[in-house]
2 protein chains.
Amino acid sequence: MSSNKTDTRTRILDAAWNLLESSGGPAVRMGDIAKAAGISRQAVYLHFPTRADLLTATARHIDDAKGVDDRLAASRAATGGAERLDAFIEAWGNYIPEIHGVARALMAAADSDPAAAEAWADRMAALRQGCEAAVAALKKDGLLAPGLPPRQATDLLWTLLSVRNWEQLVGDAGWPQKRYVAAMKTTARRSLTTLAEPPT
Amino acid sequence: MSSNKTDTRTRILDAAWNLLESSGGPAVRMGDIAKAAGISRQAVYLHFPTRADLLTATARHIDDAKGVDDRLAASRAATGGAERLDAFIEAWGNYIPEIHGVARALMAAADSDPAAAEAWADRMAALRQGCEAAVAALKKDGLLAPGLPPRQATDLLWTLLSVRNWEQLVGDAGWPQKRYVAAMKTTARRSLTTLAEPPT
DNA sequence: CCTTTTACTTGACACTGTGTAAATTGACAG
DNA sequence: CTGTCAATTTACACAGTGTCAAGTAAAAGG
């Protein structure tokens, strides 16, 4: 039956998720995940041909479980450009900690593995699209800072909201998550728009 | 003789520099560097016990050759807070591309090697100090954005000027170096100060 | 009841890259 | 010609990913 197969597959994904969440990225080996899932290391390769495949599948698995699409859809629903920017930053910024374990592993793998690099690039492209849409909404409302082309505004917002920046502020600098989200909202407004402070 | 030894050491550092500058970080192996330096792979280990040691030594080697300290000293010399911020961003921002090869290798190595992680953390701490000083100069002139503690302003500036952000804007987004520096100046002013646009 | 298929296990192995240990070379001193 | 010492090379150990072949247990299906 395929349900049995799916069960094991899911067990692997859950095991990977757990391990990546606790102990960081590249430290988690295929064998660790197998052991946590209660199967042999080789059995993992029956379901996921390479480490990169397993990591990307885990990322999607988390997406499904956490309902990213729904959350981001909510930000798309916002009417005005300002609200939309805030909602997008809120949704994405609060999503980062939930995928951070896999994200770290994927970024590390991307350094040496082209497949992992592409998988990560895809996710970053999706984020960039969200930024592009938010910037377009700002422009439509005439809120975009003068002299700042939408393309560059998108690039800036995309960079501001990168996982690495979250790591640096929340991880290295020790910021609480709430402050991170608030600061990203303020910084985005100040650097991209003609708006005042966001509502607290 | 020690002059001979030093020669070999320097040849290794130059070889590492060259290779890291062209082909990115983790792709450059100890053997590649050895070959480029005209010695055997193992001979490299006589001068640098580990990969992390070689990478950090290469970074310092570049620092010396390019005169980072002098350049950053120039930014410290700026009188007003605004000029100082601009000068600092200018100096650091234009330094990033010159160390980028080693930086990439060091960041990648940091994922799995604690020694490399510490070496990289040291460099980032130095950058953070520069940011701290620039923020202090802003505060002294009363230019710091209201409601923004110096500590947080430092963290934000530090994150804004990270090597990863440079990579993303100049590398992934394809920005020319000049635009990067200009955008960092503008963004820093907008998000941290009460100042208007920087002079073009 | 027997056969085939499915999902997994076991164990060995190839490959890549770092780092270590032992053997070798070569110059120079007595 | 021999001893010594340092620089260097050859050979090896180790970790982790991914491959391969053979075996096993149980469910599916005639």
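Computation of the quantities below employed the complete heavy-atom set of this structure, encompassing side-chain atoms and omitting hydrogens, waters and symmetry-equivalent molecules. Lettering of chains follows the sequences in order, A, B, ..., and the numbering in each one begins at 1.
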Review point. In terms of side-chain heavy atoms of A/Arg51, which of D/dC12, C/dT9, D/dG18 is nearest?
Key: D/dG18
Check your understanding: Where the side chain of B/Ser40 is concerned, which of D/dT17, D/dT9, C/dC8 is the nearest nucleotide?
Key -> D/dT9
Check your understanding: For the pair made of CG in A/Leu46 and C1' in D/dC20, what is the distance, rounded to whole Å?
Key -> 12 Å
Check your understanding: For B/His47 and D/dA6, what is the distance between atoms NE2 and P respectively, to the nearest whole Å?
Key -> 14 Å
Review point. How close or far is atom P of C/dG17 from atom CG of B/Leu54, stated in whole angstroms?
Key: 16 Å
Revision key, fill the gap. Among the nucleotides D/dG18, C/dA7, C/dT20, whichever has the atom closest to the side chain of A/Thr50 is D/dG18
Study note, to complete from the structure: Taking for B/Ala27 and for A/Val44 the nucleotide of DNA chain C with the nearest heavy atom, the one nearer the 5' end belongs to A/Val44
Practice item. Using whole Å, report how far CZ of A/Arg29 lies from P of D/dG18. Key: 14 Å
Revision key, fill the gap. Rounded to whole Å, CZ of B/Arg41 lies from C1' of C/dT16 at a distance of 11 Å
Review point. Can you check the A/Asp111 CG to C/dT16 P distance for me, whole Å?
Key: 20 Å
Revision key, fill the gap. B/Tyr45 atom OH is separated from D/dT9 atom P, nearest whole Å, by 14 Å
Review point. Taking CZ from B/Phe48 and P from C/dT20, how many angstroms apart are they, rounded to a whole number?
Key: 15 Å
Study note, to complete from the structure: Interatomic distance, CD@B/Gln168 vs CG@A/Asn165, rounded to 0.5 Å, equals 7.5 Å
**Study point:** From A/Ile62 atom CD1 to A/Glu98 atom CD, the distance as rounded to the nearest 0.5 Å
**Key:** 9.0 Å
Practice item. Spell out yes or no: do the side chain of A/Gln42 and the base of C/dT10 have one donor N/O and one acceptor N/O closer than 3.5 Å? Key: no
Review point. Are any of the side-chain nitrogens in B/Arg41 or B/Asp32 under 4.0 Å away from the carboxylate oxygens of its partner?
Key: no
Review point. In terms of side-chain heavy atoms of A/Ile39, which of C/dC8, D/dA7, D/dG18 is nearest?
Key: C/dC8
Check your understanding: Step by step, would you call A/Lys185 with A/Glu90 a side chain to side chain contact (heavy atoms under 4.5 Å, CB included)?
Key -> CA-CA 8 Å; A/Lys185 283 183 187 171; A/Glu90 180 100 26; 2.5 Å; yes
Exercise for review: May I ask you to test the B/Leu13-B/Leu54 pair for a side-chain heavy-atom distance under 4.5 Å?
Suggested key: yes
